Amino acid sequence: MSKHFETEAIRTQLNRSEFLEHSVPLYLTSSFIFEDAEDMRASFTEEKERNIYSRFTNPNTSEFVEKICKMEGAETGYAFATGMAAVFSTFAALLDSGDHIVSARSVFGSTHTLFTKYLPKWNIETSYFKVDEVDKVESLIKPKTKILYVESPTNPGCDVLDLEHLGNLAKKHNLIFVVDNCFATPYLQQPIKFGADIVIHSATKMIDGQGRVLGGVSVGRADLIREIYLFSRNTGPALSPFNAWVLSKSLETLHVRADRHCENALKVAEFLEAHDKVNFVKYPFLKSHPQYEVAKKQMRHGGNIVAFEVKGGIDAGRKFLNSIKMCSLSANLGDTRTIVTHPASTTHSKLAEEDRLEVGITDGLVRCSVGLEHVEDIIADLEQALNA
Ligand SMILES: Cc1ncc(COP(=O)(O)O)c(C=O)c1O
């Protein structure tokens with residue numbers, strides 16, 4: 001990156017139009033026009049680099065992707081309608097029938113469903129390692145293993161994986177190392193520095209940061225992104241120009257928002273850790289976190305998600321949620337508004353208990369996405385709900 005992160009986020013901008021606008025306009029157009037038949041032919045054969053149709057590229061999505069690439073240190077990228085479209089299209093474009101994935105067991109629920117329900121339809125199998133067993137990764141690698149996949153920190157357990165260690169393993173075994181960097185955002189962690197080939201984001205979360213639009217992006221090595229682009233250009237998971245415009249604007253303030261989210265989250269984590277109705281707290285920048293040293297090595301701050309276990313199991317978790325007054329009960333995260341969820345009785349209730357426990361989702365586990373309200377008000381709400 002040539003300039004500082006903040007400056008690139010604000011000053012990376014499309015060329016100005018004839019109106020010399022200060023802020024970038026919205027190019028809400030599905031297609032673009034050609035000067036003549038030759039211009040059209042050369043554009044379709046990619047002899048000319050230009051916008052043809054917004055399923056392929058659009059100025060607003062290109063600006064958004066360029067910013068993410070600068071922030072992540074990536075060569076190029078492609079933007080998607082959602083984070084899951086980015087995850088699925090990355091696998092679909094890079095894997096062939098018979099290929100094999102090695103993944104951490106703790107991954108976002110829909111990613112887990114891809115591994116267990118959909119990819120097997122195309123004869124693609126996945127082997128898993130527990131987040132605290134990265135030493136077992138090598139033993140899972142087979143001749144047809146093509147992708148090593150992790151998310152860090154994990155959703156919802158807030159575990160941290162050693163990206164440098166995994167990056168080295170991927171290199172040694174010639175695997176494509178794919179990292180879902182959603183919880184950290186490109187401001188807090190840049191996996192490419194540690195050997196990632198592709199970095200994926202759900203931009204729906206802290207990148208938007210205000211709970212407005214869905215979006216996703218995959219960035220990384222140009223040869224791999226080319227495959228992802230060709231797959232997407234033909235199958236249609238593109239990000240809408242409107243959402244790209246919103247998300248590109250959001251990136252201008254990501255560093256300021258993320259700093260405050262993390263400052264609030266650390267205070268919330270410290271408060272919870274000292275509370276006698278809480279069994280344990282998982283926050284990457286708490287010294288008690290099992291991967292605290294790894295988190296310090298690879299993250300700027302600890303992120304905005306705090307996972308903690310309320311004493312008393314499922315009933316206590318549900319009672320805690322029912323007693324919340326200000327914070328929101330919602331499925332999103334990374335919003336200005338603090339959000340609490342109880343995975344065991346909601347998002348992960350269909351998992352068998354032992355599968356849930358295997359990925360660290362204990363009965364009383366609560367996931368708190370710490371927002372930007374005054375931290376004393378957030379803590380006051382959590383405290384009254386714990387004491388209710
Ligand atoms: C880690 C992670 N990856 C991917 C996704 C999917 O993103 P989206 O909801 O934008 O499809 C989520 C959504 O919560 C997530 O938390």
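Counting starts at 1 for both ligands and their atoms, following the listed order. Computed from a prediction, not measured in an experiment: that's the story for all the values here.
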I'd like a table of the close N/O pairs between ligand 1 and the protein (anything under 3.5 Å), one pair per line with both atom names and the distance.
unit_1: ligand 1; atom_1: 3 (N); unit_2: Asp180; atom_2: OD2; d: 2.6
unit_1: ligand 1; atom_1: 7 (O); unit_2: Ser202; atom_2: OG; d: 3.0
unit_1: ligand 1; atom_1: 10 (O); unit_2: Gly83; atom_2: N; d: 2.8
unit_1: ligand 1; atom_1: 10 (O); unit_2: Ser202; atom_2: OG; d: 2.8
unit_1: ligand 1; atom_1: 10 (O); unit_2: Thr204; atom_2: OG1; d: 2.6
unit_1: ligand 1; atom_1: 11 (O); unit_2: Gly83; atom_2: N; d: 3.1
unit_1: ligand 1; atom_1: 11 (O); unit_2: Met84; atom_2: N; d: 2.8
unit_1: ligand 1; atom_1: 14 (O); unit_2: Lys205; atom_2: NZ; d: 3.0
unit_1: ligand 1; atom_1: 16 (O); unit_2: Asn155; atom_2: ND2; d: 2.9

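The aromatic ring centres of Phe231 and Tyr229 sit 6.0 Å or more apart. The aromatic ring centroids of Phe91 and Tyr149 lie less than 6.0 Å from each other.
Side-chain contact of Thr12 with Glu66: a donor-acceptor pair under 3.5 Å is absent, judged by distance alone.
Applying the salt bridge (charged side-chain N to carboxylate O under 4.0 Å, His left out) rule to Lys267 yields the partners Glu263; only residues at least two apart in sequence or on another chain are considered. For Asp36, the salt bridge (charged side-chain N to carboxylate O under 4.0 Å, His left out) criterion is met by no residue, not counting sequence neighbours. With sequence neighbours left out, Asp208 forms a salt bridge (charged side-chain N to carboxylate O under 4.0 Å, His left out) with Arg212.
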